[in-house]
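Report on one structure; see the data block that follows.
Note that the structure is a prediction, hence the values are computed from the model and not measured. Index from 1, following the sequence.
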Amino acid sequence: QVQLVESGGGLVQPGGSLRLSCAASGSIFSIYAMGWYRQAPGNERELVVVITSGGSTNYADSVKGRFTISRDNAKNTVYLQMNSLKPEDTAVYYCNAEARVVTSGQKYDYWGQGTQVTVSS
């Protein structure tokens, strides 16, 4: 019902910047929130930031002040601007969309394929 396509990952030196993009298509009218998650080898997938359809945001403490989420409603795209990158930011970053059925309260999660971010000198 919802398809997510990510781009923008790559290799960057500590202190550098990257911008990730996530374009949504399909039943986009059902989307309540979108966000970015990441998963490093041996670790569980963790929330980086989420933004709701109303514009409220919630960032993980580890990225506050360094990462910024934004959206382009005309393009159905969300972005993650990552500044002052650290080696511990190295992970596969996944775009997520949460859809809700208002009448029943049912929730559905959709995921992109992931994009690798590597921070290393």
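- No more than 12 heavy atoms of other residues, nucleotides or ligands lie within 6.0 Å of CD in Gln113, so this atom counts as exposed by the packing criterion.
- Counting Ile, Leu, Val, Met, Phe, Trp and Tyr side chains that sit under 4.5 Å apart, directly or through other members, Val102 stands alone, with no cluster partners.
- Two residues are said to be in side-chain contact when any heavy atoms from C-beta on lie closer than 4.5 Å; Pro14 and Pro87 meet this criterion.
- Applying the ring pair (Phe, Tyr, Trp, His ring centres under 6.0 Å) rule to Tyr37 yields the partners Trp111; only residues at least two apart in sequence or on another chain are considered.
- Once rounded to the nearest 0.5 Å, the distance linking OH of Tyr110 with CD of Glu98 reads 11.0 Å.
- The shortest heavy-atom contact between Tyr93 and Met82 is CE2-SD, 3.9 Å.
- Applying the side chain to side chain donor-acceptor pair (under 3.5 Å) rule to Ser30 yields no partners; only residues at least two apart in sequence or on another chain are considered.
- With a 4.5 Å cut-off on side-chain heavy atoms, Asp89 and Val117 do not count as touching.
- Atom OG1 of Thr115 and atom CH2 of Trp36 lie 7.5 Å apart (nearest 0.5 Å).
- Hydrophobic cluster membership differs between Leu18 and Tyr94, with clusters built from Ile, Leu, Val, Met, Phe, Trp and Tyr side chains linked at under 4.5 angstrom.
- Partners of Thr118 according to the side chain to side chain donor-acceptor pair (under 3.5 Å) rule, which considers only residues two or more places apart in sequence or in another chain, are Gln116.
- Looking at every heavy atom in both residues, Leu80 comes nearest to Phe67 through CD1-CB, 4.1 Å.
- Of the candidates Val78, Ile28, Ile69, Val50, Val78 is the only one forming a side-chain contact (heavy atoms from CB on, under 4.5 Å) with Met34.
- Among pairs with a residue in residues 71-86, those fulfilling side-chain hydrogen bond (donor to acceptor under 3.5 Å, both in side chains) read Ser17-Asn83, Gln81-Asn83, at least two apart in sequence or across chains.
- Going from atom CD1 of Ile31 over to atom OG of Ser53 covers 10.0 Å, rounded to the nearest 0.5 Å.
- In this structure, SG in Cys95 is found 9.5 Å from CG in Leu20, a value given to the nearest 0.5 Å.
- Connection of Val92 to Leu4 is not established within any shared hydrophobic cluster, with ILVMFWY side chains joined at heavy-atom distances below 4.5 Å, either directly or through further cluster members.
- Cluster membership for Leu11 and Leu85, using ILVMFWY side-chain heavy atoms within less than 4.5 angstrom, is not shared.
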N/O donor to acceptor pairs below 3.5 angstrom from side-chain atoms of residues 39-48, sequence neighbours left out:
| residue | atom | partner | partner atom | Å |
| --- | --- | --- | --- | --- |
| Gln39 | NE2 | Asn43 | O | 3.1 |
| Glu46 | OE2 | Arg38 | NE | 2.8 |
| Glu46 | OE2 | Arg38 | NH2 | 3.4 |

